[in-house]
Amino acid sequence: MLDDTDTAAVQVDNVLEVNNIEVIYNHVILVLKGVSLNVPKGGITALLGGNGAGKTTTLKAISGLLASERGEVTKGSIKYRGEPIHHADPAETVKKGVVQVMEGRHCFEHLTIEENLLTGAYTRSDGTAAINADLEMVYDYFPRLKERRRSQAGYTSGGEQQMCAVGRALMSKPETILLDEPSMGLAPQLVEQIFEIVKSINEEQGVTFLLAEQNTNVALRFAHYGYILESGRVVMDGPAKDLRENQDVKEFYLGLSDEGRKSYRDVRSYRRRKRWLS
Ligand SMILES: Nc1ncnc2c1ncn2[C@@H]1O[C@H](COP(=O)(O)OP(=O)(O)OP(=O)(O)O)[C@@H](O)[C@H]1O
Ligand SMILES: [Mg+2]
């Protein structure tokens, strides 16, 4: 959990700037309707919102993976360290230091955990010694992966596969990791563990994170800043601490309100009051 000193230490140097982007799939389906967000260097920024809000689409627009989905950034711009990347080839963006961990983990099932991790290093040209040193670094963060290094990834648990996906991203020596829904399908204790590791990687390696999450509660405890997306638009943003205490966020996204705890579904149908839109 963050305290005030951590919040004060967040830098304002934005490594990634998404400026008013529109994304259309298949030439007709308008999904992002003017999304803007800034990702400060060395921070953890959360992109929040429910099913179909546009979180994955935003991450893919940044990493350049939209094209393979017949999606396109039709308006606005995305800049990484000041350079436009919204029409860049995904491999070029990886070389700039931005790597995406896809939703649903995506390990190579027939390869071992260690082989999977090594595939993350394929763009590197700094030699075997440096790569092996980073492999050990990944094993330090994820001791479980070291134990399972010789196991075929397809036979490991969901949590181990999520760790493997993050570990593989680390092996490319990234400056920024786009992490899509790390909590998906995992038990709460494991979610907590993975977020703790993300926090350590952020603090010790200086890796910048932009993470998409439906799990608002955990994301806002670990992130420094959050953006809430609804139907392809940012409806609210602010320091994580402020969002955690915001009445609307509590009611709509954290399932809490003054009247007590409510289920997400109750809250959604209960009152569609959105003060931040008025
Ligand atoms: N390849 C595609 N072609 C057409 N429409 C798509 C495509 N991918 C996503 N969409 C639509 O875009 C919208 C946003 O989807 P997206 O996957 O970005 O949401 P999300 O916030 O990541 O949701 P979730 O939390 O369920 O992962 C949805 O309405 C979805 O149906
Ligand atoms: Mg998604």
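These numbers were taken from a predicted model, which means no experiment stands behind them.
- Other residues sharing a hydrophobic cluster with Leu65 under the 4.5 Å side-chain heavy-atom criterion for ILVMFWY residues are Met102.
- Annotation: side chain of Val234 is not in contact with side chain of Ile228 (no heavy-atom distance under 4.5 Å).
- Atoms CZ and CE, from Arg168 and Met163 in turn, are 15.5 Å apart once rounded to the nearest 0.5 Å.
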Checklist entry - Does the side-chain contact (heavy atoms from CB on, under 4.5 Å) test come out yes or no for Arg124 and Ile131, once each step is laid out? => result CA-CA 8 Å; Arg124 288 173 59 171; Ile131 289 171; 3.9 Å; yes

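- Interatomic distance, Asp242 CG to Met236 CE, rounded to the nearest 0.5 Å: 9.0 Å.
- Screening Ile201, Val39, Thr45, Leu178 against Phe209 for a side chain to side chain contact (heavy atoms under 4.5 Å, CB included) leaves a single residue, Ile201.
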Checklist entry - Can Asp134 and Leu170 be said to form a side-chain contact (heavy atoms from CB on, under 4.5 Å), step by step? => result CA-CA 8 Å; Asp134 283 345; Leu170 272 181; over 6 Å; no

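- A chain of hydrophobic side-chain contacts below 4.5 Å, direct or via other Ile, Leu, Val, Met, Phe, Trp or Tyr residues, connects Leu135 to Ile177.
- For Arg81 and Glu175, the salt-bridge test passes: some basic side-chain N is under 4.0 Å from an acidic carboxylate O.
- Looking at heavy atoms from C-beta onward, Pro182 lies out of side-chain contact with Val101 at the 4.5 angstrom threshold.
- Remark: the Glu103 side chain and the Thr56 side chain contain an N/O donor-acceptor pair separated by less than 3.5 Å.
- In summary, the side chains of Glu160 and Tyr155 do not present any donor paired with an acceptor at a separation below 3.5 Å, with no hydrogens or angles considered.
- Both Met137 and Val166 belong to a common hydrophobic cluster when Ile, Leu, Val, Met, Phe, Trp and Tyr are linked at side-chain heavy-atom distances under 4.5 angstrom.
- Atom OG1 in Thr156 sits 12.5 Å away from atom CD in Glu147 (nearest 0.5 Å).
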For a quick test of your reading: what N or O donor-acceptor pairs under 3.5 Å do the side chains of residues 23-35 make, sequence neighbours left out?
| residue | atom | partner | partner atom | Å |
| --- | --- | --- | --- | --- |
| Tyr25 | OH | Thr57 | OG1 | 2.8 |
| Asn26 | OD1 | Arg70 | NE | 2.7 |
| Lys33 | NZ | Ser231 | O | 3.2 |

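- Under the 4.5 Å side-chain contact rule for hydrophobic residues, Ile197 and Leu186 share a cluster.
- Considering only residues two or more places apart in sequence or on other chains, Gln189 meets the side chain to side chain donor-acceptor pair (under 3.5 Å) condition with none of them.
- Here the options are Ile21, Asn19, Asn14, Leu47, the test is side chain to side chain contact (heavy atoms under 4.5 Å, CB included), and the partner is Leu37; only Leu47 passes.
- The minimum heavy-atom distance linking Gly64 with Pro90 is given by the pair O-CG, 3.4 Å.
- Looking only at side-chain heavy atoms (C-beta outward), Lys96 and Glu83 come within less than 4.5 Å of each other.
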Next on the checklist: Using the rule given for side-chain contact (heavy atoms from CB on, under 4.5 Å), can you reason through Lys79 versus His86, listing the C-alpha separation, both sets of side-chain angles and the distance that settles it, and then say yes or no?
Outcome noted: CA-CA 7 Å; Lys79 288 184 180 166; His86 47 284; 5.9 Å; no

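- For the pair Glu136 and Tyr139, the minimum side-chain heavy-atom distance is below 4.5 Å.
- Remark: Phe195 pairs with Phe222 by the ring-ring contact (aromatic ring centres under 6.0 Å, His included) rule, at least two apart or across chains.
- By the side chain to side chain donor-acceptor pair (under 3.5 Å) test, Tyr141 pairs with Glu204, Gln205, sequence neighbours left out.
- Of the possible polar contacts, one joining the His224 side chain to the Ile44 backbone as a donor-acceptor pair under 3.5 Å is found.
- Linking ILVMFWY residues whenever their side-chain heavy atoms come closer than 4.5 Å, directly or via other members, leaves Phe142 and Leu111 in distinct clusters.
- With rounding to the nearest 0.5 Å, the separation of CG in Leu190 from OG in Ser183 is 10.5 Å.
- Side chains of Tyr122 and Ser172: no donor on one and acceptor on the other come within 3.5 Å.
- Nearest heavy-atom pair, Ala212 versus Leu59, reported as atom, atom and distance to 0.1 Å: CB-CD1, 3.8 Å.
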Checklist entry - When you look at Val249 and Leu48, which way does the side-chain contact (heavy atoms from CB on, under 4.5 Å) test go after all the steps? => result CA-CA 11 Å; Val249 175; Leu48 306 163; over 6 Å; no

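- Side-chain atoms of Lys250 and Gln247, non-hydrogen and from C-beta on, do get closer than 4.5 Å to each other.
- Of all the heavy atoms in Gly226 and Leu243, the pair that sits closest is O-CD1, 3.5 Å.
- Between the side chain of Arg244 and the main chain of Leu220, a donor-acceptor pair closer than 3.5 Å is present.
- Proximity of Thr112 to Ser151: side-chain heavy atoms (C-beta onward) are nowhere separated by under 4.5 Å.
- Atom CD of residue Glu109 and atom CG of residue Asn116 lie 9.5 Å apart, to the nearest 0.5 angstrom.
- Two residues are said to be in side-chain contact when any heavy atoms from C-beta on lie closer than 4.5 Å; Asn20 and Ser36 meet this criterion.
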Item to check | Glu114/Lys146 under salt bridge (Lys or Arg N to Asp or Glu O under 4.0 Å): CA gap, chis, key distance, verdict | outcome: CA-CA 8 Å; Glu114 185 153 300; Lys146 189 162 190 172; over 6 Å; no

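- Note on ring orientation: taking the six-membered ring where Trp is involved, the planes of Tyr227 and Tyr225 are tilted (angle from 30° to 60°).
- Legend: salt bridge (Lys or Arg N to Asp or Glu O under 4.0 Å) pairs involving residues 178-192, not counting sequence neighbours, sorted by first then second residue: Glu192-Arg221.
- Remark: side-chain polar atoms of Asn38 are not paired, donor with acceptor, to backbone N or O of Val18 under 3.5 angstrom.
- For the pair Glu213 and Lys55, the salt-bridge criterion is not met [side-chain N within less than 4.0 Å of a carboxylate O].
- A continuous path of hydrophobic side-chain contacts links Val207 to Val138 [ILVMFWY only; heavy atoms under 4.5 Å].
- Here the closest non-hydrogen pair linking Ala223 and Ala46 is CB-CB, 3.8 Å.
- Taking a cutoff of 4.0 Å between a charged side-chain nitrogen and a carboxylate oxygen, Lys199 and Glu203 qualify as a salt bridge.
- With values rounded to the nearest 0.5 angstrom, Asn202 atom CG is found 7.0 Å from Thr208 atom OG1.
- Checked for salt-bridge contact, Glu92 and Lys95 miss the test: no charged N lies under 4.0 Å from a carboxylate O.
- At a threshold of 4.5 Å between non-hydrogen side-chain atoms, the residues Cys107 and Cys164 count as touching.
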